[in-house]
Amino acid sequence: MNSKNRSKSAFLNMIFNLTYQIVNTVVNIILPPLIISKFGSIINGLISTIKQILGYVQLVGSGISESTVVSLYKPLAKNDEKKISAIFNACSETFFKMGILFSVGAVIIALVYPFFIKEGINYFFLVMLILVLSVAGASEFFVIGKCRSLLIADQKIYIVNIAQIFGAIANLVITILLIKMDANIVIVQLGSSLMYVARLIIVYSYVKKNYTFLNNKILPDYSAISKRKAATVHQLSGLISFGSQTIVVSMFCGLAEASIYSVYNLVFTGINTILSTVSSALLATFGDIIANEDKEKLNSLFSTYETVYYILVFLLYTITYILFLSFVDLYTSGADINYHRPEYAFLFCLMGIVNCLRTPGATLINAIGHYHETQNRALIEMSICFILELLLVNFIGASGVLIATITAYLYRTSDVVYYSNHIILNKNIKQSIFKIFVNLTICIFLVLLFQFVSISATSYLLWLKYAVIIGIFSTFIFLSVNFLFQRKEFVRIRGMIKK
């Protein structure tokens, strides 16, 4: 792929990924208060916990996609249609087998998990709720997964994002309608799951129409996805590190506390998904450059990407921390329990920053396919996180879970920054550390500055006014200071935008 087409694809991927992340974040923000006000915090906490558990089961095939994407870079760059078909067929068959395992796992969880719920909720109600929530996950294995892998590698992930946008909007509409019709929560979640399943029609139809050369009679090339086990180890460790918190909180602190945790985590997840727009759009671009062995362009693009990403991370989390509690108070004003937790606001923002600082390096590691080489590091992070969670939750509750997660993230982020710079790019990490230091200093300055400003919003419109003013001021400060210290990078960024 030439430079012009690569830039165009990255731009389309970024635009539609950003659109999807915004739509998805808005949907995820709108729905929980509706569920809390209609069904209560315990049901909201229950749904959040079940989704986390199903996420673990979904790992039976999570490494397939990443290893397939890496394997497809070269044959796509060389237009080797036979090789592409062989890899796609291997991916398709493996996803189908893993889909069967996912379905069996979901049934087992549906039958067993209700015994661990202390709130006295009806057993058969819980079984049905879990099965309904697993429908969307099953569609990922049987249709979406293989198609997404091909589209990511071919730098056309924007097609998947268009389908995701449709699914998210349809989910919002059907959920609101069913809640207004006083439907049971199981029926509400079934309608939601079916709307997401509808995504597969769009994605499958596009692949069928635009990749007519795919031949399912060609023998599957399983060697091409041989890295799936190492990739799955990364996904497993990542999901335990990123997703075990709600489960631990629900088991040790109760479903009501899990609901509070999930509301704060909602904001944290929203920020992370918006930031992932950049990394998702550039993953295939890095893979294409690596496949063409252009080391100079790789170093240049990574440095620019890292600069932009670090500014965005610190900027968004600075604004988030300043506005966090006022938003939560407004967001949960009709709730049946108190959601105001200042310590959560601080710990979630700290966790978000530490976690996101690894993203540039992790994107590079994924693009080059260094799963096996780094899997032990990921397992160490998982162990630190899980062991400390179980220890600290007994002493300081949900805050202990957050502290445990931050500790694990500090280890892994430091390791990823070192590995991506020193091992892959063969350069010193001083430049990355300097970028972090500059932006962290700006972040601390702005947070301390706004401690003297009282932000109490009585409406979303007033809160939005605060957000716009604080956002514009913070953006000006971040860009001005970074321009003083990184003028060459800004010149390069301007050139890329023009291009």
Side-chain angles (χ1 to χ4, degrees), residues 21-52 168-169 171-173 175-176 178-180 185 188-189 192 245-246 249-250 253-275 315-353 397-399 401-402 447 450-451 453-471 474:
Q21 301 299 358
I22 292 172
V23 169
N24 192 50
T25 299
V26 170
V27 170
N28 287 333
I29 287 174
I30 291 173
L31 291 181
L34 296 177
I35 293 172
I36 291 170
S37 61
K38 181 69 176 180
F39 304 104
S41 293
I42 288 177
I43 294 298
N44 182 60
L46 176 65
I47 292 171
S48 299
T49 305
I50 291 172
K51 286 181 177 179
Q52 290 287 352
I169 295 172
N171 167 44
L172 177 63
V173 172
T175 301
I176 291 174
L178 289 172
I179 288 176
K180 287 189 174 182
I185 186 62
V188 172
Q189 292 301 316
S192 172
Q245 293 79 11
T246 305
V249 171
S250 69
C253 307
L255 290 175
E257 190 68 22
S259 179
I260 298 172
Y261 187 96
S262 68
V263 167
Y264 281 82
N265 191 50
L266 181 67
V267 178
F268 166 70
T269 304
I271 298 297
N272 281 359
T273 51
I274 290 172
L275 286 167
L315 172 62
L316 287 178
Y317 272 105
T318 300
I319 297 169
T320 299
Y321 180 72
I322 295 167
L323 296 163
F324 211 149
L325 284 175
S326 60
F327 172 78
V328 170
D329 291 342
L330 191 62
Y331 185 65
T332 59
S333 57
D336 51 343
I337 56 176
N338 182 19
Y339 281 74
H340 189 86
R341 300 291 179 86
E343 70 278 11
Y344 275 18
F346 172 75
L347 291 172
F348 263 104
C349 286
L350 179 59
M351 180 172 71
I353 291 172
S399 294
V401 174
L402 285 165
V447 167
F450 279 100
Q451 291 298 306
V453 180
S454 177
I455 301 172
S456 180
T458 54
S459 68
Y460 284 109
L461 182 60
L462 181 57
W463 184 87
L464 188 61
K465 289 179 180 178
Y466 280 123
V468 170
I469 294 169
I470 292 169
S474 299

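Aromatic ring pairs are classed by plane angle as parallel below 30°, tilted from 30° to 60° and perpendicular above 60°; the pair Phe324 and Tyr264 is tilted.
When atom types are taken as modelled, the side chain of Tyr331 and the backbone of Ile29 share a donor-acceptor pair closer than 3.5 angstrom. Using modelled atom types, no side-chain atom of Ser474 and backbone atom of Gly471 make a donor-acceptor pair closer than 3.5 Å.
Atoms CD1 and CZ, on Ile271 and Phe348 in that order, are 12.5 Å from each other to the nearest 0.5 Å. Rounding to the nearest 0.5 Å gives a distance of 8.5 Å between CG of Leu402 and CG of Asn265. Interatomic distance, CD1 of Ile42 versus CD1 of Ile337, reported as 8.0 Å (0.5 Å rounding). Taking CG of Leu330 as the reference point, atom OH of Tyr339 lies at 14.5 Å (rounded to 0.5 Å). How far CD1 of Ile470 is from CD1 of Ile322: 5.5 Å, rounded to the nearest 0.5 Å. Once rounded to the nearest 0.5 Å, the distance linking CD1 of Ile35 with OG of Ser192 reads 8.0 Å.
Taking every heavy atom of both residues into account, Arg341 and Ile260 meet most closely at NH2-CD1, 3.4 Å. Here the shortest heavy-atom pairing between Val328 and Thr332 reads O-OG1, 2.7 Å. The heavy-atom pair separating Cys253 from Ala398 by the smallest distance is SG-N, 4.0 Å. Ile36 approaches Ser259 most closely through the heavy-atom pair CD1-OG, 4.2 Å. Between Leu325 and Pro342, the shortest heavy-atom contact is CD1-CA, 3.7 Å.
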Going through the checks in order, is the side chain to side chain contact (heavy atoms under 4.5 Å, CB included) test met by Val27 and Thr175? CA-CA 10 Å; Val27 170; Thr175 301; over 6 Å; no

Run the side chain to side chain contact (heavy atoms under 4.5 Å, CB included) check on Asn44 and Phe39 step by step: do they pass? CA-CA 8 Å; Asn44 182 60; Phe39 304 104; over 6 Å; no

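Here the options are Leu46, Ile179, Ile43, the test is side-chain contact (heavy atoms from CB on, under 4.5 Å), and the partner is Ile185; only Ile43 passes.
The closest side-chain donor-acceptor pair between Tyr261 and Ser250, if any, does not fall under 3.5 angstrom.
Aromatic ring centres of Phe327 and Tyr466 lie farther apart than the 6.0 Å criterion allows.
Residue pairs meeting the salt bridge (charged side-chain N to carboxylate O under 4.0 Å, His left out) criterion with at least one partner in residues 321-332, sequence neighbours excluded, are absent.
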